[in-house]
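Naming convention: chains lettered A, B, ... in sequence-line order (proteins, then strands); numbering from 1 in each chain. This one's a predicted model, so the numbers in the text were calculated from it and none came from an experiment.
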Amino acid sequence: MHVRRWQIGAATVGLLAVTGCGVPGGGGSNDAGETKKGDGSLQILGAVPEGEAVGLNAALKTFTKETGIKVTYTPSTDFTTEIRTKVNGNDAPDIALFPQPGLVGDLTESGDTLPLDDLIDVDKLDDTMIPGLMDSVEIDDKTYGVPVRVSMKSLVWTPKGFEQSGYKVPKTWDELMKLQDQIIAKGQTPWCLGAEAGADTGWVFTDWVEEIVLRQEGPEFYDKWVSHEVPFNDPKIVKAIETLGDIVNKPKNVRGGADGTLSEPFGESPLPLFDKKPGCEMHRQANFITTFFPDDVKKDLAGNVGVFALPGDMEGGYEGTPVLGAGDMATAFTNDTDVVKLMEFFASPDFGTEWAQAGGWLSPSAEFDNSNYSDPMFGEIATLLQDADTFRFDGSDLMPAQVGAGTFWSEMNAYVGGEKSAEEAADAIEESWR
Amino acid sequence: MSDDSFLKIVNGLVAIVLGVGGTAALYWVLNFLVGLLPGAWDRRIKPYIFIGPAILVVTVFLIYPAVMTVIFSFADANSINWVGFSNYVDLFQDKEFIGTLVNNLLWILIVPAGSVIVGLLVAVLADRLKALPERIAKSVIFMPMAISFVGASTIWGFVYATRFAQGDKQIGLLSAISTSLGFEPVAWLRISSYNLNDLLLIVIMVWLQAGFAMVLLSSAIKGVPDDTVEAARIDGASELQIFFKVVVPQIWPTVIVVFVTILILVMKVFDIVYVMTGGRSGTSVLANTFVLELFEFGDAGRAAAVVVVLMVAVIPVMIYQMRQFKKQEAR
């Protein structure tokens, strides 16, 4: 029931050329209402790029074969903008795969998304998914999404001969720090780190800060930080930012130094791992980074590259190894029987067998059979993920967009670039949190 | 070709035919109907029949949205509750936003003047060349006009690119030059002192617009009657005197038109900043802030307030330009 609905696209004067200033729809109660009968076809919009969606499309084909419902998946390179525009323009897809649960929250506030509690078995979903994952799509005790893909961010990639060079996989943060020194002492460079991503530059640094907060202060504090129960400029957060600074600004620790990290495109930054004489020994990045690896490396990941979980057990910090990750959540906009069927399909622990074979995908289900992954490396990563002590969703994706995709990025750039101190950066972020 | 794309093309063609044909038919029918009216009424109504649809379209697609934008700039992020002037208050208390306004001002001050000066210089100098070299020189200067803003930004992105890792070759022109002179590599677009990074972006726009200025100014210069120049020469005027006292006054209206046209273009600058820096390191401009606020941050109220500021800033320029056009027509 909509009290009043402003579905008016207000555009700026044409001479401004910046057209289409859409105005989101307004308040409504979040109730699923009545489920209509589907018309046999579904539209999905998502941020999973075309190249990575081969497996998704294969899985959807299986769904079509089983149910007769035709599904069209459209990848969007500018998902955030497109979904907002479509929803505002009353042209929402049936289902959207959200890479950022924060955005689901925004659209739920305006009453556009569909709560799934009455439509599918949400309790069962809670039990089968990786612990901690469902929390991110729960808003006011209602569930607004089914995870279809996760990524594990807390991964450190190493070149082929890492262990032969006499290096040992670190088990604690302290060991990691010592490993840095050992690598420098051998005349090599510990880290490859690139954060350049056009208008999105900065997210790589925020991932690092999140990893550090999670390890230094533990998941409970992390949750409070993400939900703004503690201010962003809390001394503990400032300390975490400075811990990143210790890594980036330490002489010879990062390839190209702090300036290099700001101008090196994130997708190219791991490539020195594969140089004949590796340009660096470690690269922390989520599992998606394998798509940026050279083709001959991709053919045999397990044989060409090593990987370990970014260690936890920080001194005085959280005991154990937490995992930072992200994921794509299927959120519905239409309430019909076809949507319900597809949601049930996404929710099943078997979903994604085809995707696992196509590669580049991790199952959000803790019950997924890891032998399905065509690449043994992904089986290995899935095991690291399922074994983790706790999983936390990427904090910047959960924060309001003006922070999570705005000042958190830009201020981290300013901090790493040396234009601001950790405290000044944190203060500026806190100020922007509205 | 798949069925889908074939269908889309057919759809598009049908839409074009129906759209253009339908509009023509509409005008024809209206014209015919008005023609049936008695003589005096026919002449009185006809102008409105032809201008009416245009006014309707402008009202629906320009005036109405503009008014709604102003209205929603007083509402919250989701345009649900009224918040009074708080969007504006927030904006003008935000140091970043003030910086953004300053950046827009910089663009406005430098780009139109820079483009006119470069365009005028090329036009005057090329005018003295023989026909073929003149054409070649002008084509080269004009070429950037054919490149999209995004394309130009990509090109200049390579000019400003810098590599910092030891042993990596510089791929950026500017860095290659500076490092070969023995300087340390520098991240050009992050140097915000003295607004250097803004200036580096502004150069791109001047590069793009100088050709446009040149073309118009060149034809204006060629339109200067030879006898006035001849007369000045006989009176013993120097070349510079001829240029500033004889040529420039005669092409002045064109200079103003070029200047104002580029000025309006510059007020809505967006692409270059978005592609090159995304507004980081203090390089943001109003249009960039608007896109961030609306699409990234989903704050419709604040985004509307940003464009209202932009709109208010453009209005005086528009009025000035309209007056100039009127003056020119009156001549």
Side-chain angles (χ1 to χ4, degrees), chain A residues 4 6 8-27 78 80-82 84-85 88 103 106-107 109-110 189 192 198-202 255-264 272 279 400-403 405-407 409-410 413-414 417 419 428 431-432 434, chain B residues 58 61-72 75 77-81 90 94 96 161-168 185-187 189-190 192 264-265 267-268 270 274-275 277-281 286-287 290-300 302-304 307-308 310-311 314 318:
Chain A
R4 185 153 193 204
W6 299 94
I8 304 149
T12 64
V13 185
L15 63 94
L16 302 181
V18 187
T19 49
C21 156
V23 175
D78 194 3
T80 316
T81 309
E82 201 168 336
R84 272 194 206 280
T85 317
N88 295 343
L103 191 53
D106 282 1
L107 295 177
E109 217 171 277
S110 55
T189 309
C192 277
D200 297 342
T201 306
R255 197 167 179 276
D259 281 324
T261 65
L262 280 158
S263 57
E264 182 85 5
Q402 68 268 15
V403 175
T407 48
W409 291 354
S410 55
N413 292 338
E419 288 125 44
E431 210 175 291
S432 75
R434 36 183 146 105
Chain B
V58 168
F61 292 106
L62 284 180
I63 297 173
Y64 172 70
V67 171
M68 291 315 280
T69 304
V70 174
I71 291 174
F72 282 125
N78 292 319
S79 306
I80 296 171
N81 304 307
D90 284 352
D94 186 348
E96 294 255 330
T162 312
R163 291 275 172 270
F164 291 92
Q166 256 178 349
D168 278 8
V186 179
L189 294 177
R190 290 211 340 265
S192 54
I264 290 172
L265 180 80
M267 299 207 83
K268 57 199 189 190
F270 165 69
Y274 187 78
V275 174
T277 64
R280 273 169 283 114
S281 310
L286 285 172
F290 160 73
V291 168
L292 279 182
E293 289 291 349
L294 184 64
F295 295 119
E296 289 280 352
F297 310 159
D299 195 333
R302 218 164 135 136
V307 268
V308 169
L310 183 53
M311 203 151 76
V314 176
M318 291 298 293

Donor-acceptor pair, distance only, cut-off 3.5 Å: does the side chain of Arg280(B) make one with the backbone of Gly198(A)?
yes
Checking the side chain of Arg84(A) only, and the main-chain atoms of Phe295(B) only, is there a donor and an acceptor separated by less than 3.5 Å?
yes
Shortest non-hydrogen contact from Ala401(A) toward Glu296(B):
CB-O, 3.0 Å
State the OG-CG distance between Ser263(A) and Leu189(B), to the nearest 0.5 angstrom.
10.5 Å
Rounded distance (nearest 0.5 Å) linking atom CD of Glu96(B) with atom OG of Ser432(A)
9.0 Å
Begin with the C-alpha distance, continue with both residues' side-chain angles, and end with the deciding distance and a verdict on side chain to side chain contact (heavy atoms under 4.5 Å, CB included) for Arg255(A) and Asp168(B).
CA-CA 10 Å; Arg255(A) 197 167 179 276; Asp168(B) 278 8; 3.0 Å; yes
Would you mind checking which part of [X] comes under 4.5 Å of any heavy atom in chain B, side chain (CB onward), backbone (N, CA, C, O), both or neither?
X         : result
Thr261(A) : neither
Ala414(A) : neither
Glu419(A) : side chain
Asp259(A) : both

Does any backbone or side-chain atom of Asp94(B) lie under 4.5 Å from a heavy atom of chain A? Answer side chain, backbone, both or neither.
neither
At a 4.5 Å cut-off on heavy atoms, which part of Asn81(B) comes close to chain A: side chain, backbone, both, or neither?
neither
Which of the residues Thr201(A), Thr80(A), Asn413(A), Val403(A) is involved in the greatest number of heavy-atom pairs with chain B at under 4.5 angstrom?
Thr201(A)
Quick one: are Asp299(B) and Gln402(A) in side-chain contact, heavy atoms under 4.5 Å?
no
